[in-house]
Structure formats: structure tokens, C-alpha cells
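A short write-up of the structure that comes next.
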Amino acid sequence: MGNSKNFRENLAFVISRVLGPLPLICLLWLVVAVKSGIGFYKAIWVYPVIFIFTIAFPVLVTTYLIATKRVSGIEWKNINERKKYLPPIMVFSLLILNFLTYLLTDQTTFHLGLFLSGVMIITVLFWIFNKKISAHMVVSVVVFSAINLYFHLQFLWVFLLIIPIFWARLTLNIHSKKQLLAGIFIPLIYIFLGLLLFGWPRVP
């Protein structure tokens, strides 16, 4: 019984990391960059920069904070720790991403990136300060929605990945079902309202 529980928790941890906010955002940028016409080779050249600011920088900062006992763990369970450290890390990474998007892609992609970043910031800050929403769910919904906005609903199946992420966060006892469902539906509402106000993005 104990081994089965350990296996489930280990699997849930791996899913949480592989399909976590940082890898998903990094992957999305690469997909969008290629789709936006900058070319595969330029995207690959820029990708290490994206990796540094989207994954390496936040991971190194988090590792330092854990090592110096400023935060208690990688899951950021303590609400005061999240309030103090997560907003600047998140905002800094998104600013770098949008700046590179502005330099390298078309205006439609840049504006859509700004909109989706705004959705992410609003909902994740809500999570940081109130612990009412799952950041993993927020980012996965935004990323999977962005992929379908860029590719005209050709990849609706990626939303199925929400199921293992939901299971993993629930198994690790990081969030309640209500917090996970809030992480799904709140960003979907923002995105839906954005489409009503601005229309479908004119992506080639």
C-alpha cells in the first residue's frame, strides 16, 4: 500500500514538473515563434535565451531561496512567501518574453501575447494573495488556448493534458478541487471575454 502511494506521489510530482507553468510557457514561445514567421533556425537560436529567462532564472532563484530557507519548498505552500517572492519573478520573466516577442514576431502575435500575459498575471496574482486558484491550471489553460488561437482550433486535444495535471496537483494535496476548477474556468472566462471584445486574432 505504501509503495503504491509513493509511486502515485512520485508520478504526480513528475507530471507537475514536466507539465508545469515554466516548461509550458517556454514550449509555447517556441511554437508561436515558428508559427509567426521568424523561422525555425532563428527560433532555435533565440530559444536558449527564452530557456534562461523562463525556466533557468526562476528555478535558480527558487533554489537559492530554498537553500537560504527563505521559502519552505518548491511548491510555495506558504502564502507569505508567495506574496513576497513570486510576483517579481513572474513579472520579470513575462516582461522578457513579451520584449522578445515584440522584437521577433508580428504585431498580432505581440498583442495576443500581451493579452494572454495579462490573463496569467491577473489570475496568478489572485492565487498568490488568496490561495484560491491553481497556477498550474491557469498556465495550462492559457498555453493550450494560445496554441489553438494560433492554429485555428487544430489542436483541441491538448486540453486533455489538463486531466493529468489536475490529478497530479490533487494527489500531491497542493490544491482542493475547487481551487483547481477555479484555475480552469477563471482564465477561460477572461479569454472568452477578450475574444468577444477584440475578435479572433488575425494569425496567418
Provide the closest heavy-atom pair for [X] versus [Y] in the form atom of the first, atom of the second, distance.
X	Y	result
S176	L170	C-CD1, 4.2 Å
T68	L65	OG1-O, 3.3 Å
V141	G183	CG2-O, 4.1 Å
K84	P87	C-CD, 4.5 Å
I89	P58	CG2-CB, 3.8 Å

**OP:** Report yes or no: is the cationic atom of R169 (NZ for Lys, CZ for Arg) under 6.0 Å from the centre of the six-membered ring of F166, at an angle within 45° of the ring normal?
**Re:** no
Euclidean distance, [Y] [atom2] relative to [X] [atom1], rounded to 0.5 Å:
X	Y	atom1	atom2	answer
L181	I186	CG	CD1	10.5 Å
L172	L11	CG	CG	9.5 Å
I163	W167	CD1	CH2	13.0 Å
L180	I162	CG	CD1	11.0 Å
T171	E9	OG1	CD	8.0 Å

**OP:** List for me each residue that meets side chain to side chain donor-acceptor pair (under 3.5 Å) alongside S72, sequence neighbours excluded, and say none if there are none.
**Re:** E81
Are [Y] and [X] connected in a single hydrophobic cluster, I mean Ile/Leu/Val/Met/Phe/Trp/Tyr linked by side-chain heavy atoms less than 4.5 Å apart?
X	Y	value
L149	F192	no
L19	L156	yes
F185	V139	yes
I189	L197	no
F57	L60	no

**OP:** Mind checking salt bridge (Lys or Arg N to Asp or Glu O under 4.0 Å) for R70 and listing every partner two or more places apart, or none if nothing turns up?
**Re:** none
Subject >> side chain to side chain contact (heavy atoms under 4.5 Å, CB included) against F155, all qualifying residues, sequence neighbours excluded >> reply: I147, N148, F151, W157, V158
Subject >> Student check: side-chain heavy atoms of L24 and S140 closer than 4.5 Å >> reply: yes
Original post:
Is there side-chain contact between T62 and I66, with at least one heavy-atom pair below 4.5 Å?
Top reply: yes
Original post:
Would a distance-only check, ignoring hydrogens and angles, find a side-chain to backbone donor-acceptor pair under 3.5 Å from H136 to S16?
Top reply: yes
Original post:
Taking the six-membered ring for Trp, are F159 and F144 parallel (under 30°), tilted (30 to 60°) or perpendicular (over 60°)?
Top reply: perpendicular
